[in-house]
Structure formats: structure tokens, C-alpha cells
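Read the structure below first, then the notes.
What you see is a predicted model, and the numbers here were worked out from it, not measured in a lab. Residue numbers begin at 1 in each chain, while the letters A, B, ... track the order of the sequences.
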Number of protein chains: 2
Amino acid sequence: MSETRSQVLIVEDEAQIRHFVRLALEADGCVVQEAGRLADGLLIAGAGAIDLVVLDLGLPDGDGIDFIRAYRGWSDGPVLILSARTEERHKIDALDAGADDYLTKPFGVGELRARVRALMRRRQRAGGEVSPLLEFGDIVVDLAKRQVWRKGEAVHLTPIEYRLLAMMVSHPGQVLTQRRLLAEIWGASYIESSHYLRVYVGHLRQKLEDDPAQPRHFLTETGVGYRFQTGT
Amino acid sequence: MSETRSQVLIVEDEAQIRHFVRLALEADGCVVQEAGRLADGLLIAGAGAIDLVVLDLGLPDGDGIDFIRAYRGWSDGPVLILSARTEERHKIDALDAGADDYLTKPFGVGELRARVRALMRRRQRAGGEVSPLLEFGDIVVDLAKRQVWRKGEAVHLTPIEYRLLAMMVSHPGQVLTQRRLLAEIWGASYIESSHYLRVYVGHLRQKLEDDPAQPRHFLTETGVGYRFQTGT
DNA sequence: GGAATTGTTTACGACTTTTTTACACGGAAG
DNA sequence: CTTCCGTGTAAAAAAGTCGTAAACAATTCC
């Protein structure tokens with residue numbers, strides 16, 4: 001936490017706990033954003049440069065496990081679970097879905113802060129080792145900074161465009177089915193709205209392909225989904 | 001844990017718990033080394049090749065915190081604390097000294113394994129995942145990416161063509177009856193429409209065989225079905 | 001409050017895939 | 001030799017999918 005302060009997102013329905021966590025983390029110099037529902041949380045996480053997510057599993061508008069899976073679709077950032085569920089089964093499921101730590105309520109504020117510090121420390125160390133720049137022909141993507149360049153020029157992407165791109169570059173060469181893309185970007189209730197994908201893949205091709213009509217990276221697999229091709 | 005198995009070091013004075021942890025982690029494919037004292041633990045860890053340390057804080061020959069500090073002097077590898085001490089102060093101190101996770105005794109074996117998997121996952125994420133390739137002469141199939149190559153060149157297949165190919169390469173050398181292929185690809189009500197198969201096997205031969213008229217992989221078993229021959 | 005940006009929805013032509021139709025080939029049985 | 005059956009190609013028609021532009025609604029930003 002030397003120059004840029006860490007951005008933390010809290011996804012939690014109880015305003016009281018949100019506030020409690022916010023105070024705890026701000027004491028360590030974090031910048032905190034709050035979301036009361038999973039859908040809002042995904043929106044914020046997709047829109048901004050979030051360094052760490054603190055997630056309550058028991059939210060009213062959906063299962064927190066689904067949030068982890070969706071988030072993991074485009075981000076490797078640490079996720080700490082807060083939950084009232086103490087059963088081992090829940091912990092295992094959350095950790096295996098991609099969470100990094102699991103803290104059961106009630107928890108001590110000091111322990112929460114220490115665990116957040118541990119995750120942040122590990123994150124910064126990992127960032128130093130590996131270059132976060134992904135390069136594909138003319139396209140360069142920095143997933144950590146949420147920035148995209150084409151032929152050296154910065155490209156502006158909207159939140160949805162960015163999440164779609166991040167999902168695709170995170171699975172190079174692989175076909176991502178329409179159902180999966182829709183479920184992880186718009187939510188499980190949108191798996192039939194495939195026209196959204198046509199519109200937004202179109203946007204990405206417009207902004208990132210040399211010839212949008214003859215895409216070389218964002219390939220269509222008719223009837224199945226889309227494939228991000230890394231090669232030239 | 002793709003090729004090289006993870007090396008785990010357990011530093012713990014009670015032989016019973018050591019054995020318990022060893023069994024738990026070996027079940028996940030880890031290679032486990034044990035140390036009963038901090039000094040022995042440092043010696044083993046110092047020899048290198050350790051991917052993760054499971055450390056009991058309450059050892060007779062010294063403070064576990066000192067172990068963490070010493071270990072952090074040369075390694076960034078993950079450290080998971082096991083401890084009978086439940087007080088928050090101890091957790092905070094251990095985490096701030098460089099530990100990555102803190103589990104209080106008694107703990108569930110499932111949770112321990114899940115937390116170890118979470119730490120390992122984060123460690124290995126930098127390395128790209130490799131999906132298994134099926135190779136048959138000139139033909140290479142990547143079922144995970146849904147991609148097919150012939151003599152190094154990508155081959156485009158329609159959904160039905162791909163499902164037919166996937167079925168055949170999944171049962172190499174085996175005769176698949178027309179009824180079975182039709183039922184699995186088109187549905188149970190199509191088991192008499194054997195003529196679809198002629199069309200689509202024809203497509204596959206056209207796209208993947210050297211001489212479609214003299215197929216070497218997609219063989220006809222007249223009156224029965226088709227066989228996928230793996231050999232050259 | 002107004003302007004700019006972003007997300008959603010609609011419409012339609014172009015394109016891909018599937019289904020259907022037609023016909024030629026070749027071996028086995030009569 | 002002819003007939004029949006299962007088979008292999010080709011190409012049509014039909015069905016389904018995709019890409020784009022543009023209008024509208026919601027949201028954000030000044």
C-alpha cells in the first residue's frame with residue numbers, strides 16, 4: 001500500500017456489517033466500495049479495478065458460489081468469503097470454486113484485517129513476478145490494470161465489453177459457449193438472449209480487429225459460441 | 001497437479017497429527033515430508049523443492065513465528081498455520097509475520113485439504129493450462145478447446161460434424177452402431193434415418209482423410225455402423 | 001438539468017447449417 | 001445378367017443463425 005491504495009469491494013446485504021467491514025479496511029488504507037446484491041457486485045467488479053473482493057455467501061438474490069465462478073471468468077484477484085455458515089461442506093465448496101479464504105461470522109475485526117493484509121501481500125508479490133501483459137498480435141491486454149491497447153493506442157471499452165474481452169483472452173483458443181458467456185456476464189437468467197453476444201462481439205471486433213468483417217481473433221463457431229484466436 | 005506432484009512440508013511435534021495431515025494431503029496427490037522440530041523443519045525447507053509448508057505454532061523448541069520470518073527470508077512459498085491457539089492476537093501475529101492462512105485445532109480434514117488446494121491453485125495460476133491432445137496420424141483433436149487440426153491446419157467443423165467426430169474418437173477402434181450414433185447425435189426418434197450418417201461421415205472424410213474415397217480412419221462396417229481406426 | 005455514455009431492443013439482409021432429394025456405384029443373391 | 005440393398009457423393013431447398021445499423025431507454029457525468 002505504498003502509492004496506490006488498494007480497492008476493495010464488499011458484497012454483503014446487511015448494511016451494518018458492510019459499514020463495519022468498511023471501517024476496518026479503511027483503517028488499513030483501503031478504498032472501499034459496497035454492493036448489497038450479487039448483481040450490483042458483479043457490475044462494480046467488472047467496471048472498476050478491484051484488488052480484492054469480500055463476499056458474503058448468504059445473499060438474497062443468488063448464490064455466492066455463482067459470483068465466485070463468474071468473477072473467476074475474468075479475474076484472478078483474491079476473494080475472501082464471509083459467511084454465517086460454519087459447516088465444512090460450505091467452506092470446501094467455496095474454496096474449490098475459487099475463493100482464497102473463508103471466515104465465519106462472528107469474526108474479529110483484527111483477524112479480518114490480518115487476513116486481508118495477507119491476501120494483499122501475496123497478490124503484490126505475484127504481480128511482481130509475472131508480467132500481466134497479454135499480447136495477441138496488435139492487441140495488448142493488462143488484466144490487472146483493466147487496460148487495452150491496439151497498435152500502441154489505448155482502446156476504451158465499456159464494462160460489458162471489457163468483461164467479454166477478459167473472459168475470452170483468459171481462455172485463448174477455446175470455444176466459449178454462448179450459454180456460458182451469457183451466464184457469466186449477464187447472469188443465469190440470460191442464457192437464451194444470444195443476441196446480446198452478437199451485439200457485443202460486434203463491438204469488440206469493431207474496436208480491436210483490423211477488418212471487423214473478417215475477424216482474425218474473435219471467431220464465430222456458428223451454433224456453439226465464440227473462440228478467441230491468439231495467433232496472427 | 002498435472003505432472004510434478006506438489007511437495008509439502010509438515011512441521012508439527014505430535015506424531016499423530018503429522019500422520020493425520022500426511023494422509024489427508026497424500027489423498028490429493030501431494031508428496032509429504034515431516035519434521036517434528038522447528039530446526040529440522042528449517043533444514044528441510046532450506047534444501048529447497050518445498051511448495052507449501054504446514055506449520056504448527058506450538059512447538060517445544062521455539063516460536064513458530066520465528067520460523068515464518070526465517071522462511072520468508074528466502075522463500076515466498078505459501079505457509080498454512082495449524083494451531084491450538086484460538087485467540088485473535090495469535091492469528092494476527094502469524095498472518096502479519098508472513099503466513100497465508102491460519103486454521104485452529106480441531107479442524108476438519110476436508111477444510112484443510114480445500115485450503116491447501118486454494119493456496120496451491122493461486123501458486124500455479126501463472127503457468128498456462130495445457131489441455132490433452134488426441135492424435136491420430138495427421139489428425140489432432142483437442143476436446144477441451146473444441147478444436148481439430150489436420151496436418152497442422154485448423155479444420156472447421158459444424159456442430160453435428162464435431163459431435164460425430166467426438167463420439168468416434170472417444171471410442172477408438174470400436175464399432176459404433178448406426179442406431180447408437182443416431183440416437184446420441186440426433187435423438188432417439190432418428191434411429192432409422194441412417195442416411196444422415198452417410199452424409200455426415202462423408203463430410204468428415206472429405207475434411208479429414210487424405211483420400212476420402214479410400215478412408216483410413218473412418219471405416220464403414222456394412223450393415224452395422226462405423227469404426228474409427230486410430231492407426232496411421 | 002442537460003449532454004454524453006452505456007445498455008437494451010428491434011429489424012432485416014447475408015450467411016451457415018441442416019435436411020431433403022436425386023442419382024451413381026458395387027457387391028450379393030437369385 | 002439382372003435385381004436388390006446398402007452405400008457414397010453432390011447439390012437443391014429449408015431452416016436456422018449471425019452481423020450490423022439504428023432507435024430507444026437507462027444511466028452516468030458535468
**OP:** Have a look at A:Ser193 and say if it touches a base, only the backbone sugar-phosphate, or nothing, with a 4.0 Å heavy-atom cut-off.
**Re:** nothing

Separation of [N] [atom2] from [X] [atom1] (nearest whole Å):
| X | N | atom1 | atom2 | answer |
| --- | --- | --- | --- | --- |
| A:Ile160 | C:dT9 | CD1 | C1' | 13 Å |
| A:His156 | D:dT28 | NE2 | P | 14 Å |
| A:Leu43 | D:dA26 | CG | P | 16 Å |
| B:Glu161 | C:dT16 | CD | C1' | 11 Å |
| B:Lys207 | D:dT9 | NZ | C1' | 15 Å |
| A:Leu182 | C:dG7 | CG | P | 15 Å |
| B:Leu204 | C:dT17 | CG | P | 13 Å |
| A:Phe218 | D:dC18 | CZ | P | 17 Å |

**OP:** Taking A:Glu209 for its side chain and A:Phe218 for its backbone only, find out whether a donor-acceptor pair lies under 3.5 Å.
**Re:**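 Looks like yes, one N/O pair under 3.5 Å.
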
Original post:
Do you know which two heavy atoms are closest between A:Leu165 and A:Leu208, and how far apart they sit?
Top reply: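 So the two residues come closest at CD1-CD1, 4.0 Å.
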
With a 4.0 Å cutoff (strictly under), does any side-chain N or O of [X] reach OP1 or OP2 of [N]?
| X | N | result |
| --- | --- | --- |
| A:Gln178 | D:dC18 | yes |
| B:Tyr196 | D:dG8 | no |
| A:Thr222 | D:dG16 | no |
| A:Thr220 | D:dG19 | yes |
| A:Tyr200 | C:dG7 | yes |
| B:Trp186 | C:dT19 | yes |

Original post:
Where do A:Lys207 and A:Asp138 land on the salt bridge (Lys or Arg N to Asp or Glu O under 4.0 Å) test, with the steps shown first?
Top reply: CA-CA 12 Å; A:Lys207 292 184 176 181; A:Asp138 295 337; over 6 Å; no

**OP:** Have a look at B:Asp210 and tell me which of B:Lys151, B:Arg205, B:His217 forms a side-chain hydrogen bond (donor to acceptor under 3.5 Å, both in side chains) with it.
**Re:** B:Lys151

Subject >> Exercise: do A:Ser83 and A:Tyr102 side chains pair donor with acceptor under 3.5 Å >> reply: yes

Side chain of [X] (C-beta onward), nearest among [options]:
| X | options | answer |
| --- | --- | --- |
| A:Arg205 | D:dT7, C:dT17, D:dG19 | D:dG19 |
| B:Val199 | C:dT17, C:dG7, C:dT20 | C:dT20 |
| B:Pro159 | C:dT18, C:dT8, D:dT7 | C:dT18 |
| A:His195 | C:dT9, D:dT9, C:dT17 | C:dT9 |
| A:Thr158 | C:dT9, C:dG7, D:dG19 | C:dG7 |

Subject >> Positive for side-chain contact (heavy atoms from CB on, under 4.5 Å) with A:Trp149, one of A:Ile139, A:Val155, A:Asp142 >> reply: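 Checked A:Ile139, A:Val155, A:Asp142 against A:Trp149; only one passes side-chain contact (heavy atoms from CB on, under 4.5 Å): A:Asp142.
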
Original post:
Which residue, B:His203 or B:Arg198, contacts DNA chain D at a nucleotide closer to its 5' end, judged by nearest heavy atom?
Top reply: B:Arg198

